[in-house]
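Have a look at the structure below, then the notes.
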Amino acid sequence: MRDLDQERAYAERCREALRRMVAGARENVVVGEDTWGDRYTAERLGFYLKTLARDMGEEGDNPPFFGVIAYADTDPAAGEHRRQTYYLGRRHISDAIGRPPMVIDWRAPVSATFYQASAVEPRGIDTRRRFGWSGNRLTSFEDEHLQTGTPSSASELVRREIERARVGPMRDIVATIQPEQDTLVRTGLDVSVCIQGAPGTGKTAVGLHRAAYLLYAHRSRLERNGVLVLGPNRAFLHYISAVLPTLGEVDVEQTTIEQLLDREVRAVDDPVAAAIKHDVRMAEILRRAVYGRIGRPVQAVVVRDESYKWRVNQHEFAEMVAEAEATTYLTGRERVIARLVAAVQRQAEARGQNCNGVWLRRMARAVTPYVEEVWPGLKADEVLAEYLSDPSQVGILTAEEQRAIAWSRPRKAKSARWTAADAVLLDEVSALLERSPTYGHVIVDEAQDLSPMQCRAIARRSEHTSITVLGDLAQGTTAWAAHDWVTQLAHLGKPAAEIVALSTGFRVPATVVELANRLLEALDVAVPPTTSFRSDGELTITHVDDLAAACVENIRRALSVEGSIGVIAADHQLPAVSDALKADGIETSAADGDGRVAVVPASLAKGLEYDHVIALEPAEIVASETRGLNRLYVVLTRAVSRLDILHSRELPPELGR
């Protein structure tokens with residue numbers, strides 16, 4: 001294999017080849033504009049060429065490869081790859097058509113051996129080489145000789161990459177994917193999987209890399225409906241936004257459940273009302289509110305047509321209505337109209353009537369009033385407005401619960417001020433009226449925080465496809481957070497999904513993990529304690545009299561070393577903290593900002609990570625909400641290298657064990 005200078009020279013050759021590929025792709029866009037063929041073919045070709053040119057042009061300064069595998073000469077497991085050497089990178093690089101690629105995409109089947117091979121099971125690999133980079137400069141490499149049968153120690157380059165300072169958005173993990181993570185990433189498209197991941201186990205990264213892998217392996221199946229990634233909030237989406245583009249995928253929709261529902265929220269429910277509206281019982285309530293409008297025909301349908309009268313008797317009309325109830329409300333209504341017209345058409349044709357398009361439309365208008373009497377047209381906002389004006393009309397909820405969600409006075413849909421919980425209910429009603437759009441694959445992060453009704457909204461969008469569920473029951477912070485995955489998966493429409501636990505943390509150092517694990521017993525969820533891949537990390541717990549002054553001092557000290565800094569406090573304490581830092585001249589950014597120092601409300605800390613976390617007043621974080629201990633567990637596990645806990649009040653007793 002090559003020495004370091006030769007590897008550097010090869011890296012430069014790869015960059016030059018990539019530049020030629022980008023130039024060629026852009027040239028093809030120009031040439032493709034004059035392609036002969038039908039309009040659809042020309043448009044599809046143009047879209048493909050422009051997308052390829054854009055994706056390749058956005059490669060930036062990423063290293064062209066991160067590893068190489070050299071297959072053995074004598075190991076039968078090497079098969080057709082005997083004596084072959086493959087460089088692996090974020091994307092395929094070739095210097096000429098018909099020649100072997102210079103770099104193979106990390107998602108290609110042969111690349112799996114890079115992640116899965118070991119000294120115990122080398123899979124035909126003789127040598128696995130990992131590369132160390134400083135920016136775009138190749139600085140080192142590390143070889144593992146797997147055919148010796150001697151278990152190798154943890155890769156120093158992998159450890160250094162995992163422990164590297166976090167600055168800016170989340171990074172991909174293609175160079176450090178572990179075997180159990182790789183297995184999940186490459187799970188087939190038709191398989192739904194739930195990953196219970198402790199803090200720092202890489203569950204989010206696994207989900208994003210799974211999206212990139214599925215688009216690579218099943219692009220033709222996913223092109224039509226696409227892949228959807230759902231995150232808990234905009235700060236989280238901003239943080240992960242750079243991962244998929246670096247992996248060559250830019251056409252993945254990344255959004256929150258609130259944005260997905262696309263309803264204007266102009267009011268806020270009190271906690272009791274919100275919890276009731278998110279309860280799964282609302283699904284049956286709304287079903288009754290919709291389908292309860294359907295009556296039974298009490299008369300025959302009689303249609304005048306010039307000198308004729310066409311008649312569909314009451315019994316036949318009732319059968320049409322009953323059979324159509326099995327589908328969505330508006331589709332069923334249109335089906336009844338269509339069947340009535342067809343019945344009339346049969347009678348007319350038997351008498352020699354010319355039943356052209358004009359005649360059929362006239363008959364549809366003629367039968368519609370009969371259908372309207374038993375199957376009225378509905379709009380989602382009108383249904384919900386009528387229900388919330390008088391919840392007692394449907395039942396199921398207790399009288400006290402009905403009063404909690406009832407509007408103070410009846411309103412029409414046009415004057416309604418919808419809440420976030422109402423948006424979920426409106427989506428449920430809309431789906432009862434007509435089918436929701438679906439995606440080819442849905443990836444849901446922080447899924448433990450979804451309510452049953454939110455889960456149903458997601459289930460509708462993955463009704464005929466698979467789903468990847470990511471979360472940690474210990475980090476459930478909403479009032480309706482899941483206590484077990486079996487129930488949550490049933491709400492998501494995937495009760496048979498495989499549940500896999502990841503408990504080895506790569507982000508959070510051992511000292512922090514040990515502290516956070518003390519909270520698990522009090523959280524009342526069945527999750528395994530986290531074990532850390534790392535033995536480094538620093539932890540300090542300091543009682544202070546002046547919280548703001550101590551925070552400023554800690555930030556000044558943290559700024560002297562590389563890395564991001566996150567100041568996390570209870571939401572109501574944050575304005576005072578921000579003012580103190582501003583008064584001292586410390587520049588800060590919000591949770592979704594790109595500054596060196598981020599001031600983060602505890603409610604938005606989930607999914608984020610910082611090299612140095614300064615957690616303020618744990619007792620206040622716990623006291624601020626019903627699941628305060630869960631929130632504290634989230635806050636403590638955001639640290640990558642150092643955690644400083646500053647408190648003026650007594651610490652929660654769970655931390656003192």
Side-chain angles (χ1 to χ4, degrees), residues 196-200 232-233 235-236 268-276 278 420-421 446-451 454 471-484 488 508 512-527 529-530 539 541-544 547-548 550-551 566-578 591 598-610 613-639 643-657:
Q196 158 59 44
N233 53 59
F236 175 82
V268 178
D269 281 310
D270 66 59
V272 173
I276 295 169
H278 280 285
E446 303 297 348
Q448 76 282 345
D449 276 336
L450 295 170
S451 72
Q454 288 174 323
D472 179 9
L473 296 174
Q475 296 185 59
T477 52
T478 58
W480 41 78
H483 289 278
D484 67 87
Q488 195 75 336
V508 188
V512 176
V513 164
E514 181 183 351
L515 179 70
N517 280 344
R518 298 178 190 176
L519 300 177
L520 287 179
E521 185 177 342
L523 300 184
D524 191 30
V525 288
V527 299
T530 310
L539 169 67
I541 302 177
T542 309
H543 183 277
V544 298
L547 209 60
C551 182
V567 180
I568 308 178
D571 291 29
H572 68 275
Q573 286 189 311
L574 214 60
V577 173
S578 297
V599 179
V600 185
S603 63
L604 292 182
K606 193 170 296 180
L608 305 179
E609 57 183 28
Y610 302 94
V613 168
I614 301 172
L616 304 180
E617 208 66 271
E620 200 68 39
I621 293 174
V622 172
S624 296
E625 52 187 302
T626 304
R627 290 176 174 260
L629 275 177
N630 299 73
R631 184 72 71 187
L632 180 60
Y633 181 78
V634 171
V635 170
L636 298 181
T637 53
R638 300 307 94 199
L643 171 64
D644 289 336
I645 298 176
L646 305 178
H647 65 103
S648 58
R649 295 175 52 185
E650 288 294 320
L651 289 173
E654 291 80 4
L655 288 182
R657 293 178 182 174

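Leu519 has its side chain within reach of Leu636: a pair of non-hydrogen atoms, C-beta onward, lies under 4.5 Å apart. You'll find the side chain of Gln448 stays beyond 4.5 Å of the side chain of Gln488, heavy atoms only. Contact annotation: the side chain of Leu523 approaches that of Leu629 to within less than 4.5 Å [non-hydrogen atoms, C-beta and beyond]. In this structure, the side chains of Leu643 and Leu515 come closer than 4.5 Å at one or more pairs of heavy atoms.
Here the OG-CZ distance, from Ser603 to Arg631, works out to 5.5 Å after rounding to the nearest 0.5 Å. Taking CD1 from Ile614 and CD1 from Ile568, the interatomic distance works out to 10.0 Å, rounded to the nearest 0.5 Å. The structure places CG of Asp644 at 8.0 Å from CG of Leu539, a figure rounded to the nearest 0.5 Å.
Taking the side-chain hydrogen bond (donor to acceptor under 3.5 Å, both in side chains) definition, one finds that Asp269 meets it with Lys277, Thr419, sequence neighbours left out. Here His572 pairs with nothing under the ring-ring contact (aromatic ring centres under 6.0 Å, His included) rule; sequence neighbours left out. Legend: residues meeting side-chain contact (heavy atoms from CB on, under 4.5 Å) with Asp449, ordered by chain and number and at least two apart, are Thr477, Thr478, Ala481, Lys606. Evaluation of the side-chain hydrogen bond (donor to acceptor under 3.5 Å, both in side chains) rule for Asp524 yields no partner, not counting sequence neighbours. A search for side-chain contact (heavy atoms from CB on, under 4.5 Å) contacts involving Ala516 returns Tyr633, Thr637, not counting sequence neighbours. Checked against side-chain hydrogen bond (donor to acceptor under 3.5 Å, both in side chains), His647 has no partners two or more places apart in sequence or in another chain.
For the residue pair Asp472 and Gln196, a side-chain donor N or O sits within less than 3.5 Å of a side-chain acceptor on the partner.
Without hydrogens or angle criteria, Gln573 side chain to Ile621 main chain gives no donor-acceptor distance under 3.5 Å.
A salt bridge is absent between Arg649 and Glu617; no separation between the charged side-chain nitrogens and carboxylate oxygens falls under 4.0 Å.
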